[in-house]
Amino acid sequence: MKGELLYEGKAKQVFQAESNNDQLVLSYKNDATAFNGEKKAVFSGKGKYNNLISARVFDYLREKGIPSHFVRSLNDSEQLVEKTTIIPVEIVVRNLAAGSITRRLGIEEKTVFTPPLVELFYKQDELGDPLINDEHAMMLADVEQVELKQIKAMALEVNKHLQAFFENINLKLADFKLEFGRNKAGDIILSDEVSPDTCRLWDKDSGAKMDKDVFREDLGDLLQVYNTILQRLEAAV
Ligand code: ADP
Ligand code: UDP
């Protein structure tokens, strides 16, 4: 199934799919990184949770008509996806204040954003993924204004569906990051992953953080938290 290793990132390995030149195998690693790679640890089994949770999210989004790269799960830690040329802009949607925006703008954690905020970050590790505006994105990321408008609209649509998806397992979706890419046909489709590594999820009853902040802020057992999310998804109707 897997061909050549094309790229190894912080969270995943990217392989050429053997049978189809237009597909990739994403292999989820057990590594956790935070603060632009400064904090690192390995959690045996983490790759499985992110792969299986991300696959469930992409299945749900497909049902809701969101075009994405996801083809199917291959095994516990790998999924088959359509190859895209990633637009190097991370789209962050925020429903509740947390993380970088609290520090950058002095906004108190849990502040509600109505309507949700959409922010763009230049995907460039060497620069620490800086916040950018549309003009910067057009200059740096070979993307047009009309495409940015389409991407932001898709991100807000994804937000609506993800809020319902996580609400169903008693989690509030505070914020999340998306990546989009262009496929062979030239269509812009949702790519990369949607998992507790890339979302902030707060338990609706206890308020407990149930995402990578558990690692970032040393709040407890990351694997146990990710396992709880997967179990809730498996038990949900
Ligand atoms: P990073 O590169 O930020 O360390 P990962 O370890 O998750 O992140 O590596 C996965 C890489 O694969 C990312 O750079 C991501 O942009 C890229 N990617 C995700 N989905 C696709 C896709 N469908 N086609 C091509 N590249 C993809
Ligand atoms: N995020 C991500 N990858 C990144 C940066 C952010 O998945 O490279 C996610 C992060 O998990 C959170 C949201 O995007 O759900 C907003 O992150 P923020 O800008 O607050 O940055 P952080 O506090 O993580 O530095």
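Just follow the structure's listing: the first ligand is 1, and inside any ligand the first atom is 1.
For the pairing with Lys177, the side chain to side chain donor-acceptor pair (under 3.5 Å) check across Asp192, Asp129, Asp197 returns one residue only, Asp192.
Remark: distances from the non-hydrogen atoms of Lys123 to ligand 1 include one below 4.0 Å.
By the criterion of a heavy-atom distance under 4.0 Å, neither the backbone nor the side chain of Glu119 is placed next to ligand 2. Using a 4.0 Å cut-off between heavy atoms, Thr198 contacts ligand 2 through both its backbone and its side chain. Of all the heavy atoms of Glu82, the ones lying under 4.0 Å from any atom of ligand 1 belong exclusively to the backbone.
The protein atom (non-hydrogen) at minimum distance from atom 9 (O) of ligand 1 is Tyr7 CE2, 3.5 Å. For atom 19 (C) of ligand 1, the closest non-hydrogen atom of the protein is Asp192 OD1, 3.3 Å. With respect to atom 6 (O) of ligand 1, the closest heavy atom belonging to the protein is Ala11 N, 2.6 Å.
Every atom of ligand 2 is numbered from 1 in the order shown, and the set under 4.0 Å from a heavy atom of Asp129 is 8 (O). If you number the atoms of ligand 2 from 1 as listed, the ones under 4.0 Å from a heavy atom of Ala98 come out as 20 (O).
For the 3.5 Å distance criterion, the side chains of Lys172 and Gln163 fail to qualify, holding no donor opposite an acceptor.
A centroid separation of 6.0 Å or more is found between the aromatic rings of Tyr7 and Phe15.
The heavy atom nearest to atom 26 (N) of ligand 1, considering only Asn183, Val81, Ile86, is found in Ile86.
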